[in-house]
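Values below: every heavy atom of this structure, side chains too, minus hydrogens, waters and symmetry copies.
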Amino acid sequence: LAPLAFSGHAAMHEGGWGLAHTASDYLHLLAAAFWLGSLPVFLSWLAAWQRPRDRAEAARALLRFSAWGHVAVAALLFSGVANAALILGPALPDVGWDYVRVLLLKIALALAMTGLALANRYRWIARIRAEPALALHAIRRNTIWEMLLGAAVLVIVGGLGLMSPS
């Protein structure tokens, strides 16, 4: 992922700002790759949780994913704000710009993903012992939606990298 951070809009700055932008972009890429790349594994551990002999190990894995997922989302939010500020500058961006409208769509999809992840963690995990079938179905459904929204975000990011920010 590191070479990707040296291209696109991160390459528009030189010196200290260039290093800051590249580091922020790399953190953003790394956190996004962790989150999206972990979702299929998360689903497999969720399936393993349903087997009594695998439940303890699966529960540990799911809790680790949850903890690191919080770190990844925080890193995405921090680096995303930093990247937007570095690309768009200190002035309030014009929502008439195509780049800004597409960026807002990306942000909306990422926030929807975050909402699904939070619902899984704080609503459905809390109900998994009382209503396992309902909770497991909801977690699986929400995770699949996270993956689909993540794929849409990746398509949008590919387009944003080719657009002029103004």
Side-chain angles (χ1 to χ4, degrees), residues 1-5 8-10 24-85 87-88 93 95 98-163:
L1 294 173
L4 293 174
H9 294 113
S24 178
D25 207 31
Y26 180 62
L27 177 62
H28 202 68
L29 287 164
L30 193 61
F34 170 80
W35 186 3
L36 292 176
S38 294
L39 290 175
V41 178
F42 175 84
L43 287 175
S44 69
W45 280 115
L46 193 63
W49 186 88
Q50 295 177 77
R51 296 187 298 268
R53 71 181 187 283
D54 297 331
R55 184 163 288 162
E57 184 180 3
R60 283 190 300 277
L62 291 167
L63 287 173
R64 271 194 311 273
F65 174 80
S66 177
W68 283 105
H70 282 77
V71 172
V73 170
L76 278 166
L77 293 173
F78 171 77
S79 60
V81 169
N83 284 344
I87 292 169
L88 298 171
V95 291
D98 289 339
Y99 182 89
V100 172
R101 285 197 307 268
V102 174
L103 179 62
L104 289 172
L105 176 59
K106 175 197 171 201
I107 291 167
L109 293 176
L111 289 174
M113 290 174 65
T114 303
L116 289 167
L118 289 170
N120 279 350
R121 176 62 182 94
Y122 294 104
R123 178 176 185 195
W124 295 113
I125 292 294
R127 296 172 66 179
I128 204 162
R129 295 229 186 257
E131 301 175 87
L134 177 66
L136 288 169
H137 173 74
I139 293 168
R140 193 175 305 105
R141 178 199 62 223
N142 288 354
T143 303
I144 291 168
W145 272 108
E146 278 183 74
M147 291 171 23
L148 293 171
L149 291 171
V153 167
L154 291 176
V155 169
I156 290 169
V157 167
L160 280 172
L162 301 173
M163 296 175 75

Q. Nearest 0.5 Å, what's the CD1-CG distance between Ile156 and Leu105?
A. 4.0 Å

Q) Who passes side chain to side chain contact (heavy atoms under 4.5 Å, CB included) against Leu36, sequence neighbours left out? A) Leu39, Met113, Leu154

Q | Shortest non-hydrogen separation from Trp35 to Ala110 and the atoms involved | A | CH2-O, 4.4 Å

Q.
List the residues meeting salt bridge (Lys or Arg N to Asp or Glu O under 4.0 Å) with Arg64, not counting sequence neighbours, and say none if there are none.
A. none

Q. For Tyr99 and Met163, which heavy atoms make the closest approach, and how far apart are they?
A. N-CE, 3.5 Å

Q | Residues which pass ring-ring contact (aromatic ring centres under 6.0 Å, His included) with His137, listed by chain and number, not counting sequence neighbours | A | none

Q.
Run the salt bridge (Lys or Arg N to Asp or Glu O under 4.0 Å) test against Glu57 and tell me which residues pass, sequence neighbours left out.
A. none

Q: Mind checking the CG-CG spacing from Asp25 to Leu30? Nearest 0.5 Å is all I need.
A: 11.5 Å

(Q) If I take atom CG from residue Leu109 and atom CG from residue Leu104, how far apart are they, to the nearest 0.5 angstrom? (A) 11.0 Å

**Q.** Min side-chain heavy-atom separation Asn120-Leu116 under 4.5 Å
**A.** no

(Q) Can you list everything that forms a salt bridge (Lys or Arg N to Asp or Glu O under 4.0 Å) with Arg140? Sequence neighbours excluded, please. (A) none

Q.
Which heavy atom of Ala82 sits nearest to which heavy atom of Ser24, and what is that distance?
A. CB-OG, 3.5 Å

Q) Can you name the residues that form a side chain to side chain contact (heavy atoms under 4.5 Å, CB included) with Arg51, not counting sequence neighbours? A) Ala48, Arg53, Asp54

Q. Do the ring planes of Phe65 and Phe34 sit parallel (below 30°), tilted (30 to 60°) or perpendicular (above 60°)?
A. parallel

Q | Contact check, side chains of Leu77 and Val73, non-hydrogen atoms, under 4.5 Å | A | yes

(Q) Quick check for you: to the nearest 0.5 Å, what is the distance between His28 atom NE2 and Asn83 atom CG? (A) 6.0 Å

**Q.** Heavy-atom check, side chain of Trp124 versus side chain of Leu134, under 4.5 Å
**A.** yes

Q. So do the side chains of Leu103 and Leu88 get within less than 4.5 Å of each other, counting heavy atoms only?
A. yes

Q | Atom pair CZ (Arg127) and CG (Leu136), whose distance is rounded to the nearest 0.5 Å | A | 12.0 Å

**Q.** Leu149 to Ala112 - nearest heavy-atom pair and separation
**A.** CD1-CB, 3.9 Å

Q) What is the distance from atom CD of Gln50 to atom CD1 of Ile128, rounded to the nearest 0.5 Å? A) 8.0 Å

Q | Heavy-atom pair of closest approach, residues Pro40 and Met147 | A | N-SD, 4.1 Å

